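Have a look at the structure below before the remarks.
The analysis underlying the following values was restricted to heavy atoms, covering all of them including side chains, and did not include hydrogens, waters or symmetry mates. From a predicted model like this one, the values you see are computed outputs, not experimental measurements.
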Amino acid sequence: MLDIQLLRNNIELVSAALAGRGMSFDPSRFQALEAERKGLQTRTQDLQARRNALSKQIGMLKARGEDASEVMTEVGTTADELKRNELALAALLDEINAIVASLPNLPHESVPRGRDESDNVEILRWGSPRAFDFEPLDHVDVGARLGLDLEMAVKLSGARFAVMRGGVARLHRALAQFMLDVHTREHGYTEVYVPYMVNAASMFGTGQLPKFEEDLFAVPRGDDGRLFLIPTSEVPVTNFMRNETVAADALPMKYVGHTPCFRSEAGSYGRDTRGMIRQHQFDKVELVRIEHPEHSWAALEELSSHAEAVLRKLELPYRKIVLCTGDMGFSSAKTYDLEVWLPAQKTYREISSCSNCGDFQARRMQGRFKSGQGKNEFVHTLNGSGLAVGRTLVAILENYQQADGSLSVPKALVPWMGGVEILDPLR
RNA sequence: GGAGAGGUGGCAGAGUGGUCGAAUGUACCUGACUCGAAAUCAGGCGUACUGCAAGGUACCGUGGGUUCGAAUCCCACCCUCUCCGCCA
């Protein structure tokens, strides 16, 4: 959530920044509501003050056993007006809050301006795509021989799910364990286990609600009558901070969690329909950091380098891009995407997204720390995939396939595979 | 699923219609005492909005209601705990 003071005092700056995100925001409506709010609020508070004072008087009179009927009629005359003002003010505040809650974060000044993904800027490439002496298959065909069974998943659940057996299933598990171990042992993150279903307040805190409800799966239960399946562990982990004020020396907090992620993929019909690039359910190892505002930009560099480290260890060629203003997510102030090379598609595909959300999420969830002078300030929140496990599996299937239908296990992963170096096709 | 108890400030814990944003203890901060610390004493110590300031307004799980006035009464909901049953 943006700072409402910024909207009140510097709305041109906000609307210009939002225009850069491809969002047309008309300040006039907000300003009209704000003008109305100001008058209504002071009027209401004056009436409340008067009522409180008179009521106090009544109390004192009655305590002394005197007659209070005159004061009581006096209060009575303003009761209606007060009631009307209070209702109108509440409605007005709801309206204003709804507007503010629907506005995305402002891009950091270092973010390149642009309309869409074609304006993203490549920062680096690492590794070089392998030269095949045979025509590489895509991960669906490679995986089918090793135990990836997408048709079975269709029978069980429908499109965009996966069943894995044998070596592929183990590889999938090993990847998640490997990533968790790298981040906890080498990068200093604390492992966490979290709920896969969260309430609406948590979804609001990280920015999925109210605008992106259609992307979520809901289970009819809990608050508002339902819980939501998490689309990323960023949601439960970042919400650790919801309604919390921590000591300054509690920062930074560095968490890594491995969870399944559930996305309805509404509106992506026809995109990535083949294979397990885009699934309703996929595993992800997620890095979350709660940072002091002064350190969050350095933390973003570090966080993304931690995600890169996994790709490097697995020797998967990738590139790093910075998303332009028009391609960033709702809550982010700056985002790096990591894209892994997929030989069958002969292109780089997103495998990690690392963002600094600044105080945007912290403000939505009232996540604060006590700064030096005992003042409460909003923390900065960051998150990044380290990495998306399903897509990492895809990348390994494609990049490490062999002509005979087997798969060579990346060296770094062998210890997590119990020493297995080659996955042979299932009979 | 059945029965019961309860949600108040960092924590503990009073408060059952009026001068209560809330006693008291504890933690914490400042000062005094001390060579220093402990102990003791004095003062301070929630959040947000608003105002140049004095101040004002809101907040006692959440949302409604009653009342001139609600932490306190009524209704609904959420959550926590205890016991029994069932259960991975």
Side-chain angles (χ1 to χ4, degrees), chain A residues 1-9 30-31 33-101 193-205 209-210 218-228 236 239-251 260 359 362-379:
Chain A
M1 198 143 64
L2 299 180
D3 185 355
I4 195 160
Q5 299 297 352
L6 191 63
L7 283 156
R8 285 174 187 157
N9 303 328
F30 175 83
Q31 285 175 315
L33 290 171
E34 258 301 306
E36 200 182 333
R37 187 215 107 241
K38 232 172 183 169
L40 195 54
Q41 186 162 32
T42 49
R43 177 77 185 133
T44 304
Q45 293 191 351
D46 286 348
L47 287 169
Q48 286 171 328
R50 178 129 170 276
R51 178 205 62 197
N52 290 348
L54 292 177
S55 292
K56 200 167 270 189
Q57 239 181 68
I58 294 170
M60 290 192 286
L61 287 172
K62 289 205 164 173
R64 276 189 255 124
E66 297 175 25
D67 176 37
S69 55
E70 195 176 315
V71 187
M72 285 176 72
T73 25
E74 196 184 342
V75 180
T77 57
T78 54
D80 272 358
E81 190 187 355
L82 176 57
K83 192 83 194 166
R84 264 186 283 114
N85 276 278
E86 283 179 335
L87 289 174
L89 180 62
L92 197 55
L93 288 175
D94 280 351
E95 210 172 336
I96 291 171
N97 288 337
I99 291 175
V100 178
Y193 173 84
V194 294
Y196 301 161
M197 292 184 261
V198 300
N199 53 33
S202 295
M203 284 296 186
F204 180 86
L209 290 181
V219 178
R221 202 161 191 274
D223 88 324
D224 299 338
R226 62 207 169 136
L227 293 173
F228 296 90
N239 271 282
F240 284 6
M241 281 304 296
R242 180 152 53 84
N243 294 331
E244 299 286 341
T245 304
V246 301
D249 62 12
L251 303 178
D359 63 6
R363 186 170 277 114
R364 291 175 87 89
M365 64 177 75
Q366 294 296 304
R368 294 175 289 194
F369 71 100
K370 281 223 179 295
S371 72
Q373 303 77 17
K375 268 198 63 105
N376 292 334
E377 278 185 62
F378 291 114
V379 297

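Taking for each of A:Lys62 and A:Ala53 the nucleotide of RNA chain B with the nearest heavy atom, the 5'-most of the two is the partner of A:Lys62. Comparing A:Ile58 and A:Gln366 against RNA chain B, the residue whose closest nucleotide sits nearer the 5' end is A:Gln366.
Between B:rA37 and B:rC29, the two P atoms lie 13 Å apart (nearest whole Å). Between B:rA38 and B:rC28, the distance separating the two P atoms is 10 Å to the nearest Å.
Side chain to side chain, A:Asn52 and A:Ser55 fail the donor-acceptor criterion of an N or O pair below 3.5 Å.
Side chains of A:Ile4 and A:Ile96 form a contact here, defined as non-hydrogen atoms less than 4.5 Å apart.
Between A:Gln48 and B:rC68, a side-chain N or O to OP1/OP2 separation shorter than 4.0 Å is absent. For the OP1/OP2 pair of B:rU50 and a distance below 4.0 Å, the side-chain nitrogens and oxygens of A:Arg8 include at least one atom meeting the criterion. A sub-4.0 Å separation between OP1 or OP2 of B:rA58 and a side-chain N or O of A:Arg51 is present. Contact annotation: A:Asn52 does not reach the phosphate of B:rG56 (side-chain N/O to OP1 or OP2, under 4.0 Å). OP1 or OP2 of B:rA48 lies within a sub-4.0 Å distance of a side-chain N or O belonging to A:Arg368.
Distance CG (A:Asn376) to C1' (B:rC45): 13 Å, rounded to an integer number of Å. Here B:rG46 presents its C1' atom at 14 Å from CG of A:Asn243, a figure rounded to the nearest Å.
Between A:Glu81 and A:Arg84 there is no salt bridge, since no side-chain nitrogen of the basic residue lies less than 4.0 Å from a carboxylate oxygen of the acidic one.
Residue-level contact check: A:Lys38 touches neither bases nor backbone, having no heavy atom under 4.0 Å from any strand.
A 3.5 Å limit on both hydrogen-bonding distances identifies B:rC81 as the Watson-Crick or G-U partner of B:rG4. Within the shown strands, nothing qualifies as a pairing partner of B:rU67 under the Watson-Crick or G-U definition with both distances less than 3.5 Å.
To the nearest 0.5 Å, atom CE of residue A:Met60 and atom CD of residue A:Glu66 are 10.5 Å apart.
A:Asn239 places a side-chain N or O within 3.5 Å of a backbone atom of A:Ser202 that can act as its donor or acceptor partner.
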